[in-house]
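Along the sequence shown, residues are numbered consecutively beginning with 1. In each ligand, atom 1 is the first atom listed, and ligand 1 is the first ligand listed.
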Amino acid sequence: MKPALRRIGVLTSGGDAPGMNAAIRAITRSALARGVAVTGIRRGYAGLISADFVDMNSRSVSNTIQRGGTILMSSRCPEMYERSGRRRAADNLRQAGVDGLVTIGGNGSIRGALALWKEEKVRVVHVPSTVDNDLPGTDVTIGFDTAVNTAIGAIDKLRDTAASHGRVFLVEVMGRENGHIAVDAALASGAEAVFVPEAKAEMKLLMKRVQAWWQEGKHSLIIVVAEGDEGGGLAAIANALKALPGIELRTCTLGHIQRGGSPTAHDRVLASTYGAAAVDALLAGKAGVMVSLSAGRLRTVPLTVGLKKPRPSDRHRFALVNRLA
Ligand code: F6P
């Protein structure tokens, strides 16, 4: 027999990502439409532990699908690493009459969700959301497409000034230990090179190519560097390039602008689809799972799958950046 589902909780946790509001909206409205009440949990797991709860109705999510950030707010919560914190979180849910929980976030959020499910039997379904796009078990996470588009917009502008001055620009993008944003932003902006943690830094090759371009009269170059690049990152590449005669170099770290802004149509559609699927999964009696899209198929996978080794960026796209430069 399926467990009763009278009220669900929803929270956003970890780094925010554009599209989180569209997911909250879809979860709230699809639950309400099925006669299930919704409790919004503010500030992620921190608000779960301190019972910072708000009752959600259909109007609570009006006018939010187009907004970046998260109306429920988010946090990174060290107390969730403690057994006592997780026990308090589960007690708070029970006291509020919440019998299903939807968590929205990246791998830190999945870790919290899995612990709540395993230790406290909280019926959790996770919605994958991080600009990094590195979660295993799904092909795509909410926020990635918007972050790439934000990066491209910035790089296009940097290209204008690079071309006007005949300069080399090193542009650092987010992505933690993976290069998904770097590879797609580099390919889509026509960058001359890209450095990612998943591939060995080919510094000698870069120096050779830069010199050749310089001699040919191609002086405006864009080199995209993922923040987690292990070859020393932006600073090491900048130092190496500065040694080349005649090169004028500037650097730009895009930083948290990649986490903000109105979500793209892709992220709004993805978040709406994932959010509704999470409620469907809870209603179908599933728990301890994450919704996912795999080769175009919407499904659920165990939370443990989402905690495996982070998914690396696409090697073919990485190679294309160099081939098309
Ligand atoms: O995981 C998303 C992300 O934006 C990473 O790309 C970045 O390394 C990190 O979060 C930054 O975290 P914070 O906002 O806590 O500084």
Tell me, do R6 and D99 make a side-chain contact under 4.5 Å, heavy atoms counted?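 The answer is yes; the side chains approach within 4.5 Å.
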Quick one: look up the protein heavy atom nearest [atom] and list residue, atom name and how far away it is.
| atom | value |
| --- | --- |
| atom 3 (C) of ligand 1 | R259 NH1, 3.5 Å |
| atom 8 (O) of ligand 1 | E227 OE2, 2.6 Å |
| atom 15 (O) of ligand 1 | R76 NE, 2.9 Å |
| atom 16 (O) of ligand 1 | H256 NE2, 3.4 Å |

My understanding is that a hydrophobic cluster links ILVMFWY residues whose side chain heavy atoms are under 4.5 Å apart, including indirect links. Using that, what else belongs to the cluster containing Y81?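 Other cluster members: none.
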Counting from 1, what ligand 1 atoms have a heavy atom of M174 closer than 4.0 Å?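 Those of ligand 1 that fall under 4.0 Å from M174 are 4 (O), 6 (O).
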With atoms numbered from 1 as shown, which atoms in ligand 1 lie under 4.0 angstrom from a non-hydrogen atom of R176?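 Listed by number with element, the hits are 1 (O), 6 (O), 9 (C), 10 (O).
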Kindly confirm or rule out an N or O of G175 lying under 3.5 angstrom from an N or O of ligand 1.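 Yes - when backbone and side-chain N and O of G175 are compared with those of ligand 1, one distance drops under 3.5 Å.
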Do you know the tightest heavy-atom contact between L303 and A113?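 Where L303 meets A113 most closely, the heavy atoms are CD1-C, 3.9 Å.
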Euclidean distance, H266 NE2 relative to I142 CD1, rounded to 0.5 Å: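 Those atoms lie 10.5 Å apart.
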Given V173, N178, D132, which has its nearest heavy atom closest to atom 1 (O) of ligand 1?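 Answer by nearest heavy atom: D132.
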Side-chain H-bond candidate by donor/acceptor type, S62 with R59, under 3.5 Å: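 The criterion, which ignores hydrogens and geometry beyond distance, is satisfied for R59 and S62.
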Is it the side chain (CB and beyond), the backbone, both or neither of Q258 that lies under 4.0 Å from ligand 1, heavy atoms counted?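 It is neither; nothing of Q258 touches ligand 1.
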State whether the number of non-hydrogen atoms from other residues, nucleotides or ligands found under 6.0 Å of K218 atom NZ is greater than 12.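 Above 12, so yes.
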Donor-acceptor pairs under 3.5 angstrom involving side-chain atoms of residues 18-26: please list them, not counting sequence neighbours.
residue, atom, partner, partner atom, Å
N21, OD1, I71, N, 2.7
N21, ND2, R67, O, 3.0
N21, ND2, G68, O, 3.2
N21, ND2, G69, O, 3.4

